[in-house]
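Just so we're clear, the structure is a prediction, and the values are computed from it rather than from any experiment. When reading the values below, keep in mind they use all heavy atoms of this one structure, side chains included, and skip hydrogens, waters and symmetry mates. Below, chains carry the letters A, B, ... as their sequence lines are ordered, and counting in each starts from 1.
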Number of protein chains: 2
Amino acid sequence: MSPRKSAAEARRTRERIVERGVAIASVEGLEGLTIGRLATDLGMSKAGILGHFGTKETLQLATLDEASAVFLRVVWQPAAHETPGLPRLRAVCEAWITYLEHEREIFPGGCLFTTASVEFDARGGRVRDAVARLHRLWRRRLVGELRLAVTAGDLPSGTDPEQVAYELVGLYLALNQAIQLFADPLAPDRTRRALDRLLAQA
Amino acid sequence: MSPRKSAAEARRTRERIVERGVAIASVEGLEGLTIGRLATDLGMSKAGILGHFGTKETLQLATLDEASAVFLRVVWQPAAHETPGLPRLRAVCEAWITYLEHEREIFPGGCLFTTASVEFDARGGRVRDAVARLHRLWRRRLVGELRLAVTAGDLPSGTDPEQVAYELVGLYLALNQAIQLFADPLAPDRTRRALDRLLAQA
DNA sequence: CCTACCGATCGGTAGG
DNA sequence: CCTACCGATCGGTAGG
């Protein structure tokens, strides 16, 4: 029926699948992301979906990769031009709040990393490993930025970057919960207040 | 085959189902908790399981209730005899750490409330409502205890109990992630350090 | 509490 | 990229 597509068209189809996959998984989780649901949403056959990935696990890994690219683009890249250290960290933290508040088109069910973290934290397998790896990656970035801030003298020399990064992550987990579960409009400002305290006297 | 059981026996069977359900759901989530899996684990038929609840949704609600009872028993009750206010709050916070660290028999996949919160935060329905209600309940308890601490003069009079409770919840979300996803042995002490700072100068 | 069943959906494959 | 399948499992029901 449908003629064989060019490589460029196939790539574009793959992108559409992954984009839709991120949206579904942010609501239903990476296990709740089913090939049949994707096929229905995109007007394709299940075999057409699966042809691009081979297995569901590979589809899940591709979906995680795309979520990672979105996070990089929305949270870290807009801050890239800021002065390294505290100014850049502050810009990242503010973009992170905006991301959790407004990125509803890409992640209608909230940050996919948070969802995937809890979903796979008690399992084994390649998806779990990828989730843990990505969380470590973003954590290391935060720690690196905090170290720069200490070196620059923007934070007290006694500051423990790992400790501050740990507390920062907690604030964003709380923010994701406040937005998704409680639809609490005060949560972004609560997060800013906590950030100010944390980064002023770390 | 099996003779009709007495009401007491039926109640005991129901307890066994719910207990096992909590363990499964803490790993697989409340949607991943299937009637077939429960039946296999307990050596029963699916109809035997379902007879106690009628629908999967009712089973999920019963499982949440049991998890709530466990949390009350392990985190709040041991602190009940402490002086209301900061001393009791401190005892709760320490028991909460122990709970996330060691309650592996009851919750092999970590705190069921955290799992369920993320799993249902983008959905509708009665299970989601129950999850939100329970989170609000525990949050209110924290706020109440913080208010007592302010009244007693154990925390500065300018303290915002809602703000501190928000940050406390974030710390425990971070702790659950650190234990479950990273198996980080430093996380309990990181949590204690953050707590000390938070409750010393709130 | 059981056996025996239902339609729907799951991930995945064969073949084109 | 499709149609047409596969065996397994899902929640749930009938009847005892």
Discussion item. Please report the distance, rounded to the nearest Å, between CZ in B/Arg11 and C1' in C/dC1.
Written reply: 17 Å
Discussion item. For the CG atom of A/Asp184 and the CD atom of B/Glu162, what is their distance to the nearest 0.5 Å?
Written reply: 8.5 Å
Discussion item. If I take atom CG in residue B/Leu38 and atom P in nucleotide D/dC10, what distance separates them, rounded to the nearest angstrom?
Written reply: 10 Å
Worksheet item: Nearest-Å distance, CZ (B/Arg16) to P (C/dC1)?
Response: 9 Å
Practice prompt. Please state whether the phosphate of C/dC1, meaning OP1 or OP2, lies under 4.0 angstrom from any side-chain nitrogen or oxygen of B/Thr13.
Written response: yes
Worksheet item: In whole angstrom, what separates B/Arg37's CZ from D/dA8's P?
Response: 19 Å
Response to the item:
B/Arg14 CZ to C/dC1 C1', in whole Å, measures 16 Å
Discussion item. Do the side chains of A/Glu94 and A/Arg192 get close enough for a salt bridge, i.e. N-O under 4.0 angstrom?
Written reply: yes
Discussion item. For B/Arg136, I'd like to know if atom CZ has over 12 heavy atoms of other residues, nucleotides or ligands within 6.0 Å.
Written reply: yes
Worksheet item: Is A/Leu50 touching bases, backbone alone, or none of the nucleic acid, heavy atoms closer than 4.0 Å?
Response: base
Worksheet item: Picking from D/dT13, D/dG11, C/dT13, which would you name as closest to the side chain of A/Ala47?
Response: C/dT13
Item to complete: Check if the side chain of B/Lys46 and the base of D/dG11 share a donor-acceptor pair of N or O atoms closer than 3.5 Å.
Response: yes
Discussion item. Expressed as a whole number of angstroms, how long is the span from A/Glu28:CD to C/dC10:C1'?
Written reply: 14 Å
Practice prompt. Indicate, with a heavy-atom threshold strictly under 4.0 Å, whether A/Thr34 touches base, sugar-phosphate, or nothing.
Written response: sugar-phosphate
Worksheet item: Rounded to the nearest 0.5 Å, what separation is found between the CZ atom of B/Arg20 and the CD1 atom of B/Ile49?
Response: 11.0 Å
Worksheet entry | Gap between atoms CD1 and P, on A/Ile49 and C/dC10 respectively (whole Å) | 12 Å
Worksheet entry | Nearest-Å distance for atom pair CG/C1', residues A/Leu30 and C/dG11 | 16 Å
Worksheet entry | Who pairs with C/dG15 - Watson-Crick or G-U, where each distance is under 3.5 Å | D/dC2
Discussion item. Looking at A/Arg123, I'd like to know if its CZ atom is crowded, meaning that more than 12 non-hydrogen atoms belonging to other residues, nucleotides or ligands lie closer than 6.0 Å.
Written reply: yes
Fill in: A/Ser45 side-chain proximity, nearest of D/dT3, D/dC1, D/dG11
D/dT3
